[in-house]
Amino acid sequence: RREMLAQNWTSDASYVDPLMSGDGRDGVDALISGVQQRFPEFKFRLLGEPNGFGDRLRFCWGLGPDGVDSPIKGTDFAVLSDGRIRSITGSLDQVPQDA
């Protein structure tokens, strides 16, 4: 995961959504680790096709166990720098109350 972050995220990258935020690759790595610990059987999957223009990208995702409709869904907006992620602002479109 850290190698993927180094290849695909800028060193000063940031992530923020209504529940959490992280700065730099270490901060983003900590967020990913936290989600994996809380939902060990869940996987992220892309929903639909990403779209965007210039250095902006929008994509929708689902988080859940294999073989079922994702119980958690969101839409993220990314800003790129030289083809790498500089920032993501996430929104949560569907979150069960017990999540």
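Residue indices begin at 1 and follow the sequence shown.
Residues passing the side chain to side chain donor-acceptor pair (under 3.5 Å) test with Asp26 are Arg2, sequence neighbours excluded. With sequence neighbours left out, the ring-ring contact (aromatic ring centres under 6.0 Å, His included) criterion links Trp9 to no other residue. Among residues two or more places apart in sequence or in another chain, the salt bridge (Lys or Arg N to Asp or Glu O under 4.0 Å) test is passed with Arg1 by Asp29. For the side chain to side chain donor-acceptor pair (under 3.5 Å) test, residues two or more places apart in sequence or in another chain that qualify with Gln37 are Ser33. Every residue was checked against the salt bridge (Lys or Arg N to Asp or Glu O under 4.0 Å) condition with Asp82, not counting sequence neighbours, and none meets it.
In this structure, Leu19 is a member of the same hydrophobic cluster as Ile88, with clusters built from ILVMFWY side-chain heavy atoms closer than 4.5 Å. Tyr15 and Val95 fall within a single hydrophobic cluster, where Ile, Leu, Val, Met, Phe, Trp and Tyr are joined by side-chain heavy atoms under 4.5 Å apart, directly or via other members. In this structure, Leu57 is a member of the same hydrophobic cluster as Leu5, with clusters built from ILVMFWY side-chain heavy atoms closer than 4.5 Å.
Nearest approach of Leu46 to Cys60, heavy atoms of both residues: CD1-O, 3.4 Å. Leu31 approaches Gly22 most closely through the heavy-atom pair CD1-N, 3.5 Å. The minimum heavy-atom distance linking Val16 with Ser21 is given by the pair CG2-CB, 3.9 Å.
Among residue pairs with one or both ends in residues 43-84, those qualifying as ring-ring contact (aromatic ring centres under 6.0 Å, His included) are Phe44-Trp61; sequence neighbours excluded.
A distance-only check finds no donor-acceptor pair linking the side chain of Gln94 to the backbone of Gly74 [under 3.5 Å]. Side chain of Ser91 to main chain of Thr75: a donor-acceptor pair is present (N/O by atom type, distance under 3.5 Å, no hydrogens or angles). Proximity of a side-chain donor or acceptor of Arg45 to a complementary backbone N or O of Lys43 within less than 3.5 Å is detected.
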If you apply the rule side-chain hydrogen bond (donor to acceptor under 3.5 Å, both in side chains), what do you find for Asn8 with Arg84, and how did you get there? CA-CA 5 Å; Asn8 297 297; Arg84 296 164 70 191; over 6 Å; no
side-chain contact (heavy atoms from CB on, under 4.5 Å) for Val35 and Leu63? Distances and angles first, verdict last. CA-CA 10 Å; Val35 170; Leu63 176 65; 4.1 Å; yes
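More than 12 heavy-atom neighbours from other residues, nucleotides or ligands sit within 6.0 angstrom of CE on Met20. Annotation: Glu3, atom CD; neighbour count of heavy atoms from other residues, nucleotides and ligands within 6.0 Å does not exceed 12.
Put simply, the side chain of Ser87 does not reach to within 4.5 Å of the side chain of Ser81, judged on heavy atoms. The shortest side-chain heavy-atom distance between Pro96 and Ile72 falls under the 4.5 Å cut-off. For the pair Thr89 and Asp76, the minimum side-chain heavy-atom distance is 4.5 Å or more. In this structure, Ser11 and Arg25 have side chains that are in contact, with non-hydrogen atoms separated by less than 4.5 Å. A heavy-atom distance below 4.5 Å is found between the side chains of Lys73 and Leu47. Side-chain contact between Pro65 and Phe39: absent, with no pair of heavy atoms (C-beta onward) separated by less than 4.5 Å.
Considering CZ of Arg86 and CG of Asp12, their distance stands at 8.0 Å, rounded to 0.5 Å.
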